[in-house]
Amino acid sequence: MLNKMLTEDCINLNLKGKTKSEIIDEMVDLLYSAGKLNDKEEYKKEILKREAQSSTGLEEGIAIPHAKTSAVKIPSIAFGLSKEGVDYESLDGEPSKLFFMIAAPANASDTHIEVLSKLTTMLLDDTIREKLLNVTSAKEVLEILSQAKEEKEAVENSNDSYDVLAVTACPTGIAHTYMAADALIKKAKEMGVKIKVETNGSTGVKNMLTDEEIKNAKGIIVAADKNVEMTRFDGKNVEIVPVKEGIKNPEGLIKNALNKTAPIYKADGKSSGASSKKEKTGFYKHLMSGVSNMLPFVVGGGILIALSFMFGINASNPSDPSYSPIAKLLNDIGGGNAFFLMVPVMAGFIGMSIADRPGFAPAMVGGLISLNNGGGFLGGLIGGFLGGYAVVFLKKIFNKLPESFEGLKPVLLYPLFGIFITGALMYGFIVDPIAALNSGVTEFLKSLGTGNLVLLGIVLAAMMATDMGGPINKAAFTFGIMMITAGDYAPHAAVMAGGMVPPLGIALATTFFKNKFTKDERDAGKTCYIMGLSFITEGAIPFAAADPARVIPASIIGAGIAGGLSMFFKVQLPAPHGGLFVIPVVTHPVMYLIAIAIGSVVTALILGYIKKPVTE
């Protein structure tokens, strides 16, 4: 099978390319010339799409670009050798010399994908790589890989009991899944440790771990970038890491498994021992899961609402003189549907993060109850956590039921009792107090004097610039959305101003203080104009990462000034989004633009003063 997929006409021992792009072109041409592709350009497009996710340049001079697409006629592998090496954005930063390009048809059989994937794991063997670097003929390449495959299978089949078990998985399930598996197997062999690795690849689970093996193993390693079955590891020491960690640090992972230093995994979501540090991040992880899945509804629905406001603040109301059918359509889609789903969706994904899929329905119902009864955004947060932990509680209770009830749990018991418990708690204890709290906060904000409102605006806007898309930024944004749902539109205007200033200020600095930035930074600064005007604070992150001691304080000061001025000018923003899209619907739009401009100029001036000149 291997000899059918990697043939002599798909081997080039003298690649001419000097850049990553040129290497990809050569390898694609090699496959196309050998008649392996239906559409060369489409296949190349898929290869580049995969590279955009993360480079397939691995360590030890290896690169494995790959794509699965209908543009492939025959499942194939192309091999290329670059004697000098090429910068392929590899994990270790070293030049790549050995290139394997994998071409899999969209309907490739399991056998094809499995052989293609297993081939990638051979390359971690030092001896094999050394042989491939010194080959003189295409026939020699095939002989080396064929022999390596036979030896690898013999080693895998020789294990009858295991000290350490591992699971590897990556989103595409072709390369990194098997690279991590082989790295662990190779290192375990060197250490004299018996290991079994289950791979969750594109063709499904291979080499599945048995209950007996899990019971007898000293420790478990899960190196995965996607969900894998975890409940089977209940009570075992489990080290959970990204799949790349399995490739980069197999020895450390194996040692942790042998020494039982990894946390004890609990199927109810709680760990013990070394996991105490991770537990502190659980709340934020669940919250961000909800917020990140909510954002498409906020952005899409919010912009549609903003567009409806352009016809007039009350143009969607049929009884208003300014009524417009288009405005009503936009508002019905954006506000009546997309934005309406925001809180239930956020709650649902919080519950799903806590209790997996069974937690989704109860949590979503909790969010909907809050939305319909005045609990708003804050009540939705609580409903999400209630729904998730209600199911965690139910899992513990129903764990004592006979095994014959397993099939009923996800389809009947969890949704029935989970929804009831969540709903009862929301109606009985949560909704009314939260609704009163929302009203109280709204009235409190309305009662604040100008000075206090300005201070609030400064704080909210400064938070937006502190970590530019991180938890502090998200906390400020979440507060702004919460205030909109409560009927107070001023805080979100300050939040939006704070989010626009960092990229706009940096863009101005790169334009007017060119000697303080490299050419690449000046080019990137041009895109910051678009980012800032579109309310994408993250556009400032590359600059903040390169020079945090100067860029972050400058951004915080400028953003705080813009937020304070927004409050001082009594600007209100009824749309739950930002950027130029919503300027037409804010109150006092001219003064608002002046506030944002002043904040951006302040950031630019500070950067121009404190940054040191650069020499290219």
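In this chain, numbering begins with 1 at the start of the sequence shown.
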Item checked: Atom NZ of Lys612 with >12 non-hydrogen neighbours under 6.0 angstrom -> no

Checklist line | Donor-acceptor under 3.5 Å (Arg550 side chain, Ile610 main chain) | finding: yes

Next item on the list: Give the intermediate values and the outcome of ring-ring contact (aromatic ring centres under 6.0 Å, His included) for residues Phe99 and Tyr88.
Entry: CA-CA 10 Å; Phe99 299 90; Tyr88 205 86; 5.5 Å; yes

Note to self: Does Phe569, at its CZ atom, have more than 12 non-hydrogen atoms belonging to other residues, nucleotides or ligands within less than 6.0 Å?
What the structure shows: yes

Check: Are His492 and Phe477 close enough, and set up right, to give a ring-ring contact (aromatic ring centres under 6.0 Å, His included), and what steps lead you there?
Finding: CA-CA 7 Å; His492 192 65; Phe477 183 80; 5.6 Å; yes

Note to self: By the salt bridge (Lys or Arg N to Asp or Glu O under 4.0 Å) test, which pairs, at least two apart or in different chains, include something from residues 591-601?
What the structure shows: none

Next item on the list: Go through Met346 and Ile350 one step at a time and tell me if the side-chain contact (heavy atoms from CB on, under 4.5 Å) criterion holds.
Entry: CA-CA 6 Å; Met346 176 197 65; Ile350 288 174; 4.1 Å; yes

Item checked: Heavy-atom closest contact (Leu37 atom, Val28 atom, distance) -> CD1-O, 3.9 Å

Note to self: Show, in sequence, the C-alpha distance, side-chain angles and deciding distance for Leu565 and Ile594, and conclude whether the side-chain contact (heavy atoms from CB on, under 4.5 Å) test is met.
What the structure shows: CA-CA 9 Å; Leu565 288 173; Ile594 289 174; over 6 Å; no

Check: side-chain contact (heavy atoms from CB on, under 4.5 Å) between Ile557 and Thr603: does it pass, once the steps are laid out?
Finding: CA-CA 7 Å; Ile557 293 170; Thr603 293; 6.0 Å; no

Check: Of all heavy-atom pairs between Ala315 and Ser308, which one has the smallest distance, and what is that distance?
Finding: CB-O, 4.4 Å

Which side-chain N or O atoms in residues 509-517 pair as donor and acceptor under 3.5 Å with protein atoms at least two apart or in another chain?
{"unit_1": "Thr510", "atom_1": "OG1", "unit_2": "Ile506", "atom_2": "O", "d": "3.3"}
{"unit_1": "Thr510", "atom_1": "OG1", "unit_2": "Ala507", "atom_2": "O", "d": "2.8"}
{"unit_1": "Thr511", "atom_1": "OG1", "unit_2": "Ala507", "atom_2": "O", "d": "3.0"}
{"unit_1": "Thr511", "atom_1": "OG1", "unit_2": "Tyr529", "atom_2": "OH", "d": "2.7"}
{"unit_1": "Lys516", "atom_1": "NZ", "unit_2": "Gly608", "atom_2": "O", "d": "2.4"}
{"unit_1": "Lys516", "atom_1": "NZ", "unit_2": "Lys611", "atom_2": "O", "d": "2.9"}

Next item on the list: Determine, step by step, whether Leu455 and Met567 satisfy the side-chain contact (heavy atoms from CB on, under 4.5 Å) criterion, reporting the C-alpha distance in whole Å, the side-chain angles of both residues, the deciding distance to 0.1 Å, and the verdict.
Entry: CA-CA 8 Å; Leu455 180 60; Met567 283 291 199; over 6 Å; no

Notebook entry, point to check: Is Gln572 reaching over with its side chain to a backbone N or O of Ala493, donor-acceptor style, under 3.5 angstrom?
Noted result: no

Check: Would the number of heavy atoms belonging to other residues, nucleotides or ligands and lying under 6.0 Å from CG of Leu48 be above 12?
Finding: yes

Notebook entry, point to check: For Lys187, what residues pass the side-chain hydrogen bond (donor to acceptor under 3.5 Å, both in side chains) criterion, not counting sequence neighbours?
Noted result: Glu190

Item checked: Separation between CG of Leu304 and CG of Asp332, rounded to the nearest 0.5 Å -> 11.0 Å

